[in-house]
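Working notes, structure below.
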Amino acid sequence: MTQQNGQNEQHEQNQQHEQNDHHASATADALPAWLRRTEGEQRWGVTAALLVAIVIQWMLPERLTIHPHWLLPVLEAALIVALVAVNPHPRIAKQSRAVRVLGLLLAAAVSLANGWSAVLLGRDLIDGSHGFTPVQLLMTGAGVWLTNIIAYSLWYWEWDRGGPLARAAGTHKYPDLLFPQMQQQGIAPPDWEPEYADYLYVAFTNATAFSPTDTMPLSRWAKLLMASQSIISLLALALIIARAVNVLQ
């Protein structure tokens with residue numbers, strides 16, 4: 001009799017565990033994808049943007065780059081290769097400190113190279129020490145401006161809710177950047193979560209409108225980062241347009 005009671009109690013405990021597991025699974029499935037653990041986003045989007053930035057930096061006039069001219073583009077390409085070697089999976093989901101550090105170094109390298117070029121271009125535009133044809137001026141300025149958008153998109157992507165690895169793990173509850181799909185149900189699929197293209201769009205709209213559009217910064221670092229991008233973009237466009245008008249006249 002005692003043995004039978006023990007078996008009944010064990011059976012009831014097993015049923016309770018199964019019910020708890022089922023409830024936990026149902027609760028997790030009810031959460032939007034951006035709040036729960038997911039497979040992680042594919043790497044092709046950010047890799048394509050980085051390759052565009054490297055090509056633009058390589059094509060800039062040598063006097064506007066850190067010497068030697070090839071140093072930072074080669075370093076950036078090497079960091080991309082290292083990231084793929086550390087996490088060869090097509091999706092960015094492997095929890096690794098090395099992946100996080102390499103990603104931040106890559107974003108810093110792109111920002112450093114483009115910041116240097118922007119400062120030297122601004123100097124040349126102000127003092128007119130180097131002659132520019134209108135086409136050269138617009139092409140060079142557009143390249144620096146576009147690379148600046150890519151650089152800031154990398155920082156948004158790397159820092160929002162701890163970066164792509166933390167977002168895939170679902171470890172951060174509160175977003176730093178609030179996308180429209182997070183605010184209202186029914187306007188996106190249940191498995192929607194922000195990927196690199198969304199952060200690239202945020203950087204582009206902030207560089208053209210000089211303010212947030214549909215995605216709101218919530219954390220202080222996000223607000224400061226967007227403010228700095230707006231200031232840099234405004235100054236760059238003002239200098240390029242002013243110089244272009246002067247050259248055309």
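Heavy-atom basis, side chains included; hydrogens, waters and symmetry copies ignored. All values derive from a computational prediction rather than experimental measurement.
To the nearest 0.5 Å, the span separating OH on Tyr201 from OG1 on Thr213 amounts to 4.5 Å. One distance of note links OH of Tyr156 with CG of Asn206; it measures 4.5 Å at 0.5 Å rounding. Rounding to the nearest 0.5 Å gives a distance of 9.0 Å between CD of Gln57 and CD1 of Ile66. For the atom pair OH (Tyr196) and OG (Ser153), the distance works out to 2.5 Å, reported to the nearest 0.5 Å. Put simply, CG on Leu177 and CG on Asp160 are 4.5 Å apart, with the number rounded to the nearest 0.5 Å. Distance CZ/Arg167 to CZ/Arg36: 15.5 Å, rounded to 0.5 Å.
Looking at residues two or more places apart in sequence or on another chain, you find a side-chain hydrogen bond (donor to acceptor under 3.5 Å, both in side chains) between Trp221 and Asp176, Ser219. With sequence neighbours left out, Ser228 forms a side-chain hydrogen bond (donor to acceptor under 3.5 Å, both in side chains) with Tyr152. Taking the ring pair (Phe, Tyr, Trp, His ring centres under 6.0 Å) definition, one finds that His89 meets it with nothing, sequence neighbours left out. In terms of the ring pair (Phe, Tyr, Trp, His ring centres under 6.0 Å) criterion, Trp70 has no residue partners (sequence neighbours excluded). Partners of Thr171 under the side-chain hydrogen bond (donor to acceptor under 3.5 Å, both in side chains) rule, at least two apart in sequence or in another chain, do not exist in this structure.
Ile232 and Leu234 fall within the same hydrophobic cluster, defined by Ile, Leu, Val, Met, Phe, Trp and Tyr side-chain heavy atoms under 4.5 Å apart, directly or through other members. Hydrophobic cluster membership is shared by Trp155 and Val52, with clusters built from Ile, Leu, Val, Met, Phe, Trp and Tyr side chains linked at under 4.5 angstrom. Put simply, Leu154 and Leu112 are part of the same group of oily side chains (I, L, V, M, F, W, Y) that touch within less than 4.5 Å, one to the next. Under a hydrophobic clustering in which Ile, Leu, Val, Met, Phe, Trp and Tyr are joined whenever their side-chain heavy atoms come within less than 4.5 Å, directly or via other members, Leu235 and Trp116 fall into different clusters.
What you find for Arg161 and Trp34 is that their closest heavy atoms are NH1-O, 2.6 Å. Nearest heavy-atom pair across Met226 and Val202 is CE-CG1, 4.0 Å. The nearest pair of heavy atoms linking Leu218 to Pro175 is CD1-O, 3.5 Å. Between Thr147 and Ala53 the shortest heavy-atom distance is CG2-CB, 4.1 Å.
Side-chain atoms of Arg91 come within 3.5 Å of backbone N or O of Gly40 as a donor-acceptor pair.
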Please evaluate residues Val110 and Leu50 with respect to the criterion side chain to side chain contact (heavy atoms under 4.5 Å, CB included), reporting the C-alpha separation (whole Å), side-chain torsions for both, the decisive distance (0.1 Å), and the verdict. CA-CA 8 Å; Val110 174; Leu50 285 166; 4.0 Å; yes

Go through the steps for Glu158 and Arg100 under the test side chain to side chain contact (heavy atoms under 4.5 Å, CB included), then give the verdict. CA-CA 8 Å; Glu158 284 286 359; Arg100 177 66 171 162; 3.1 Å; yes

One pair to check against side chain to side chain contact (heavy atoms under 4.5 Å, CB included): Trp159 and Leu104. What are the steps and the verdict? CA-CA 9 Å; Trp159 285 109; Leu104 293 175; 4.1 Å; yes

Please list, one pair per line, the donor and acceptor atoms closer than 3.5 Å that link side chains of residues 74-87 to other protein atoms, with sequence neighbours excluded.
none

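Using a 4.5 Å cut-off on side-chain heavy atoms (C-beta onward), Thr65 and Leu72 make no contact. Within the 4.5 Å cutoff, the side chain of Pro194 has no heavy atoms near those of the Glu41 side chain.
Ser233 and Trp145 form a side-chain donor-acceptor contact under 3.5 Å, judged by distance and modelled atom types alone.
At most 12 heavy atoms of other shown residues, nucleotides or ligands fall within 6.0 angstrom of atom CZ in Phe204.
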